[in-house]
Q: 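One structure follows; several queries about it will come next.
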Protein chains: 2
Amino acid sequence: MNNNVGWNCRGDKEEGGRKTVVVADDHAIVRQSLVDVLSEPGRINKEGLQVVEQAEDGFAVLAAVKRHKPNLLLLDITMPLASGAEIIKDIQRWSPDTCTVVFTGMEATGLLWGLIEDGAQGLFSKADPVEELLDKLPMILEGTPYIAPRFQALLHKKSAITALTARERQTLSMVVGGMSNREIAEAMNISPKTVDKHRTSLMNKLNLHSVVELIAFALREGIIDQPHGS
Amino acid sequence: MNNNVGWNCRGDKEEGGRKTVVVADDHAIVRQSLVDVLSEPGRINKEGLQVVEQAEDGFAVLAAVKRHKPNLLLLDITMPLASGAEIIKDIQRWSPDTCTVVFTGMEATGLLWGLIEDGAQGLFSKADPVEELLDKLPMILEGTPYIAPRFQALLHKKSAITALTARERQTLSMVVGGMSNREIAEAMNISPKTVDKHRTSLMNKLNLHSVVELIAFALREGIIDQPHGS
DNA sequence: TACAAAATGGGGTCATCACCCCATTTCCGC
DNA sequence: GCGGAAATGGGGTGATGACCCCATTTTGTA
């Protein structure tokens with residue numbers, strides 16, 4: 001967890017005095033809508049933002065951010081080719097001054113925690129009116145992180161997954177990845193019996209009793225990289 | 001499968017000569033964007049469409065359609081409270097003259113088939129530019145069904161699930177629902193051995209070898225009602 | 001340093017699953 | 001009505017999973 005409260009979304013350049021932004025979402029209609037409203041003068045700030053590039057998958061996002069080092073990256077984390085929290089970590093490495101704001105319809109508690117720990121400065125839900133995002137963006141661009149109330153509520157009742165130890169989490173993700181105890185044991189360089197122990201222990205903690213229940217849980221928590229929805 | 005090619009999207013009333021439409025999507029930004037562009041005169045037709053109501057969940061959709069009996073219903077099928085194909089069937093019953101067009105980011109082949117069989121007159125992907133939808137809407141409103149090329153491709157390589165028999169499909173959905181062979185046997189009023197037979201047979205047909213693989217398949221195909229994404 | 005939690009791994013048991021064999025019956029289409 | 005696919009269900013086997021018991025070691029933290 002990095003404590004970057006008060007972080008400055010400096011970015012690399014501000015073309016013509018306007019702050020730059022990369023918009024990433026796998027849905028064209030959402031991208032278009034965001035671009036329209038972000039670049040409109042007087043909406044976010046008096047000049048409007050400069051949308052330097054759009055991206056519709058994870059690879060394109062990384063490429064765009066590397067190229068432009070924008071002040072702001074607005075992205076949905078459920079995208080093809082590279083999704084989830086890893087992308088944010090990559091972005092922090094390649095362009096640490098870019099301020100990353102997540103705008104998503106996903107509600108898996110496990111993933112949400114990851115986003116914050118990896119350095120997302122803003123968290124907004126697509127279920128909320130866009131105004132929520134627009135209202136808070138100026139503040140975020142000044143360096144104050146913000147999380148939408150909807151997500152704050154989800155984060156408060158903290159995920160049952162926090163009760164798991166590191167080893168148990170690794171085991172969980174391999175189990176839902178379809179690996180047998182023996183395969184997991186090889187991958188972790190430990191005995192199958194230890195894997196069995198981790199497995200029994202985590203199922204006990206989560207009060208689950210079969211692989212199917214385990215996967216249902218993993219889907220809710222966002223542990224599984226599932227085919228995209230909505 | 002109903003052959004309603006050439007169906008007329010009459011609806012109930014055309015307020016002020018404009019065709020009426022209900023817009024349903026769980027994401028506010030998408031709703032707003034659609035409403036803006038649909039009601040704009042000269043875009044779909046010269047008068048623009050009359051957006052009579054918006055809905056953000058399955059119940060609201062049904063209520064809105066019952067109330068307005070619009071010419072057109074534009075909806076995303078992955079919504080809270082009531083999702084998927086059942087909603088379309090309900091709508092056909094309550095307002096048979098409403099023309100239902102699905103606009104979604106979902107790509108599960110199994111569900112797509114259901115949508116068409118249940119009477120969707122249009123199928124568009126959120127990954128495509130909105131223009132695709134706008135261009136084809138007038139035609140659909142005249143009564144000619146249309147499916148976006150992206151989905152046509154998905155539908156052509158028809159789902160492996162079509163190789164399954166009725167009993168095997170029932171078994172499949174119960175297995176991924178977390179039921180044991182014994183429980184399934186009780187539910188179906190047959191012997192556990194027969195369930196075992198169905199199970200073995202369907203896994204053979206789908207070339208799967210574990211419950212986890214089975215669930216991964218079910219997710220791809222849209223058999224499982226998964227937590228909403230994107 | 002001392003203590004607790006985590007991680008390691010061995011023993012066993014029982015249920016379930018994946019897959020093979022086999023047979024009978026039921027039902028739909030030609 | 002005949003044939004074939006589907007559905008039914010019984011026997012069996014080996015593998016795996018879900019738990020129980022137990023112990024040792026490692027690690028982090030008070």
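Lettering follows sequence order; numbering is per chain, from 1.
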Q: OP1 or OP2 of D/dC19 less than 4.0 angstrom from a side-chain nitrogen or oxygen of A/H209, does that happen here?
A: yes
Q: Counting only N and O atoms by type, is there a donor-acceptor contact under 3.5 Å from the side chain of A/T98 to the main-chain atoms of A/P70?
A: yes
Q: Output the rounded distance in Å from CG (A/L214) to P (D/dA18).
A: 8 Å
Q: Please report the distance, rounded to the nearest Å, between CD1 in A/I184 and C1' in D/dG17.
A: 11 Å
Q: Specify the residues of residues 161-182 of chain A, ordered by number, for which at least one heavy atom lies under 4.0 angstrom from an atom of DNA chain C.
A: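 The answer is A/T165, A/A166, A/R167.
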Q: Is any side-chain N or O of A/S191 closer than 4.0 Å to OP1 or OP2 of C/dG10?
A: yes
Q: First locate atom OG of A/S201, then atom CD of A/E168, and finally report the distance between them rounded to the nearest 0.5 Å.
A: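 Interatomic distance, A/S201 OG to A/E168 CD, rounded to 0.5 Å: 3.5 Å.
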Q: Tell me whether B/D90 is salt-bridged to B/R93, with the criterion being a basic N under 4.0 Å from an acidic carboxylate O.
A: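 Salt bridge flag = yes for B/R93 with B/D90.
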Q: In dot-bracket form, 5' to 3', how is DNA chain D paired? Count Watson-Crick and G-U wobble pairs only if both distances fall under 3.5 Å, and write | where the partner sits on another strand.
A: ||||||||||||||||||||||||||||||
Q: Determine whether a donor-acceptor pair (N or O, by modelled atom type, separation under 3.5 Å) exists between the side chain of B/T171 and the backbone of B/R167.
A: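 Looks like yes, one N/O pair under 3.5 Å.
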Q: Run the salt-bridge test on A/R150 and A/E107 with the 4.0 Å N-O cut-off and return the result as yes or no.
A: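 A salt bridge links A/R150 with A/E107.
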Q: Whole-Å distance between D/dG9 P and B/K193 NZ?
A: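 So the two atoms are 12 Å apart, to the nearest Å.
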Q: Rounding to an integer number of Å, can you tell me how far B/D196 CG sits from D/dG10 C1'?
A: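 About 11 Å, once rounded to whole Å.
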Q: With the threshold set at 4.0 Å, does a side-chain nitrogen-carboxylate oxygen contact exist between B/K126 and A/D26?
A: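 Salt bridge between B/K126 and A/D26, a charged N being under 4.0 Å from a carboxylate O: no.
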Q: Given D/dT8, D/dG10, C/dG9, identify the nucleotide with an atom nearest to the side chain of B/K197.
A: D/dT8
Q: Please list, in numerical order, the residues of residues 198-208 of chain A that have a heavy atom closer than 4.0 Å to any atom of DNA chain D.
A: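 Those residues are A/R199, A/T200, A/M203, A/L208.
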Q: About how many Å separate CG of A/N204 and CZ of A/R199, when rounded to the nearest 0.5 Å?
A: 14.5 Å
Q: Are B/V23 and B/L73 side-chain neighbours, meaning at least one heavy-atom pair lies under 4.5 Å?
A: no
Q: Checking the side chain of B/R182 only, and the main-chain atoms of B/P192 only, is there a donor and an acceptor separated by less than 3.5 Å?
A: no
Q: Taking B/F151 as the fixed residue, which of B/D128, B/V102, B/T104 is the one that meets the side-chain contact (heavy atoms from CB on, under 4.5 Å) rule?
A: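 Exactly one pass, corresponding to B/T104.
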Q: So does B/T194 get a side-chain nitrogen or oxygen closer than 4.0 Å to the phosphate oxygens (OP1/OP2) of D/dT8?
A: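 Looking at the OP1 and OP2 atoms of D/dT8, neither is under 4.0 Å from any side-chain N or O of B/T194.
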Q: Between A/E56 and A/A28 (side chain of the first, backbone of the second, donor and acceptor by atom type, cut-off under 3.5 Å), is there such a pair?
A: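 Checked: no pair found.
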